[in-house]
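A short write-up of the structure that comes next.
Letters go in sequence order (proteins before strands), and every chain restarts at 1.
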Amino acid sequence: MNTGLRALSTMTFRTTFARRSCLPVRLAQRQVATQPLFETQKVKYWKQLKEEQGGDYKNRTVSTSQLLTALRDLQSYRSLTPNKSTFPDYRAGLRAVFLLAGSDPAARPTLTVGDLENVLSTENGVSWRVIHDILKYGLVPQLEELTEEMRATVAFNRVHAIGNIYAKTFAKNGARTFEDLINSTGDEYGKKVSKAQKLALKYHHEMEIMIPRQEVDKFDMLIKDALNKADPTIKYEIMGSYRRGEETSSDIDMVVWHDSLKRRDPDAKVRKGNPAPDSIMGRVLNAMFSAGLFSSDKMFATGEKKVWGLSRLPGDPKALHRQVDVRLCPTESLPYMLLGNTGDNDLMRFLRYKAEEKDLLLNEYGMGQRVSISNQVHFKPGTEIIVQTEKEIFDKLELPYLEPHQRSYKVWKNILPRY
DNA sequence: TCGACAGCGCATATTG
DNA sequence: CAATATGCGC
DNA sequence: GTCGA
């Protein structure tokens, strides 16, 4: 799901907050929405659309799936481009469509220009160009002009576990369709297609569709039941956008913990293959298998500390395959893990920056005094701050506590920078 | 001028 | 065979 | 893009 919602949130940081030290400057800039200097350039395609479609232009409709596919392809193409900073970014357009229809075109098969105007700034020239082109030509010339090989690369790159390198290699060696890759037996397309890649290719369509909150609620109940039956001393929580109270999620991000695992062992040996059946993760995995929530042929990875695979609500043949990530966390790190993985991303950037101001390093395992060893920042031994709750982390950073439902940097950006 | 921009867990490829 | 490197996602 | 190595 390289160009899905999750990619959106991680890429926001990469491009906007890439340098920690410039964060406060950027924050200040974001608070004051300055008027664009070259409005005529920016709104060019929106204006063009308006003129070409006439007075009734607000009622013109575009196919949600066509617009979504075009924007996702363009964003995928962007990620394949070496110099991204000079290549347009379609995240704003994608966000607008997600806001109206989620990532599932079936939820709202067509969108009117009026709908889109409500959620997409007319200044977003590149996204309006795509809408304009679809209305005028029925297609997006920029994508049609790509070579057959590049179109395949773009499509492959949208698939989970197929990044730039694999996408390029497969297409360069003649692969053109998902079926080509699913049916390949060796390295006839330059590299062997991995198990995880074949799985993602098979369920690619389902994996691009967002999960409604009510469905995550059902997973939550079933997981709770399954783990409780297997071992009531194993605890778990769903993090991510679900914990923030959002109505849709791109995946289900779980943390599990157990009193017997208090500390992270930095030099724990890496076991090959499945986790030992009697280990914490082994028991979790077996509980998930027994409940029909995981299936051994639909796993991306199964390790002692991290398990991810596809899951669907048992007993419903129409239920879609959803990505479920399970992470094992030592109890000492739990508040940090919950905070870090509940997000949102921009809020976490802000918290890390506040930590840095106090010469602290904050990550999903803990917080402690910073010490640089050969270009890498670590915790100074013995300075790690042990906390029992997330609130204590906010306290240490001298910030007001935000409940999970309030953890949106966008909402709080005008308040938080004062602290 | 040039590379990093978090760093870790997992699967898999490559090297010794 | 084991150790190390690479690609990927988060 | 922007910093330090």
Can you see if the side chain of Lys306(A) gets near the phosphate of dC10(B) - specifically, an N or O under 4.0 Å from OP1 or OP2?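 No.
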
Arg327(A) side chain near dC10(B) phosphate (N/O to OP1/OP2, under 4.0 Å):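 For dC10(B), neither OP1 nor OP2 has a side-chain N or O of Arg327(A) closer than 4.0 Å.
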
[atom1] atom, [N] versus [M]: distance in rounded Å?
N      : M       : atom1 : result
dC2(B) : dG9(C)  : P     : 29 Å
dC3(D) : dA6(B)  : P     : 16 Å
dG1(D) : dA11(B) : C1'   : 34 Å

Does Asn173(A) reach the main-chain N or O of Thr169(A) with its side chain, forming a donor-acceptor pair under 3.5 Å?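 The answer is yes, because a donor-acceptor pair under 3.5 Å joins these two groups.
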
Please report the C-alpha distance between Asp73(A) and Ser76(A) in whole Å, then the side-chain angles of each, then the deciding distance to 0.1 Å, and finally whether the side chain to side chain donor-acceptor pair (under 3.5 Å) criterion is met. CA-CA 5 Å; Asp73(A) 279 347; Ser76(A) 166; 5.7 Å; no

Are side-chain N/O atoms of His321(A) and Lys298(A) paired as donor and acceptor at under 3.5 Å?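 Their side chains do contain a donor-acceptor pair, which is all the 3.5 Å distance test asks for.
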
Do the side-chain N and O atoms of Arg129(A) and Tyr90(A) include a donor-acceptor pair separated by under 3.5 angstrom?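 Yes - a donor-acceptor pair under 3.5 Å links their side chains.
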
Among the nucleotides [options], which one has an atom lying closest to any side-chain atom of [X]?
X         : options                   : value
Tyr166(A) : dC10(B), dA11(B), dC8(C)  : dC8(C)
Gln323(A) : dC8(B), dA11(B), dC10(C)  : dC10(C)
Ala301(A) : dC10(B), dA13(B), dT12(B) : dC10(B)

Measure the distance from CD on Gln197(A) to P on dC10(B) and round it to the nearest whole Å.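 Whole-Å distance recorded here is 18 Å.
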
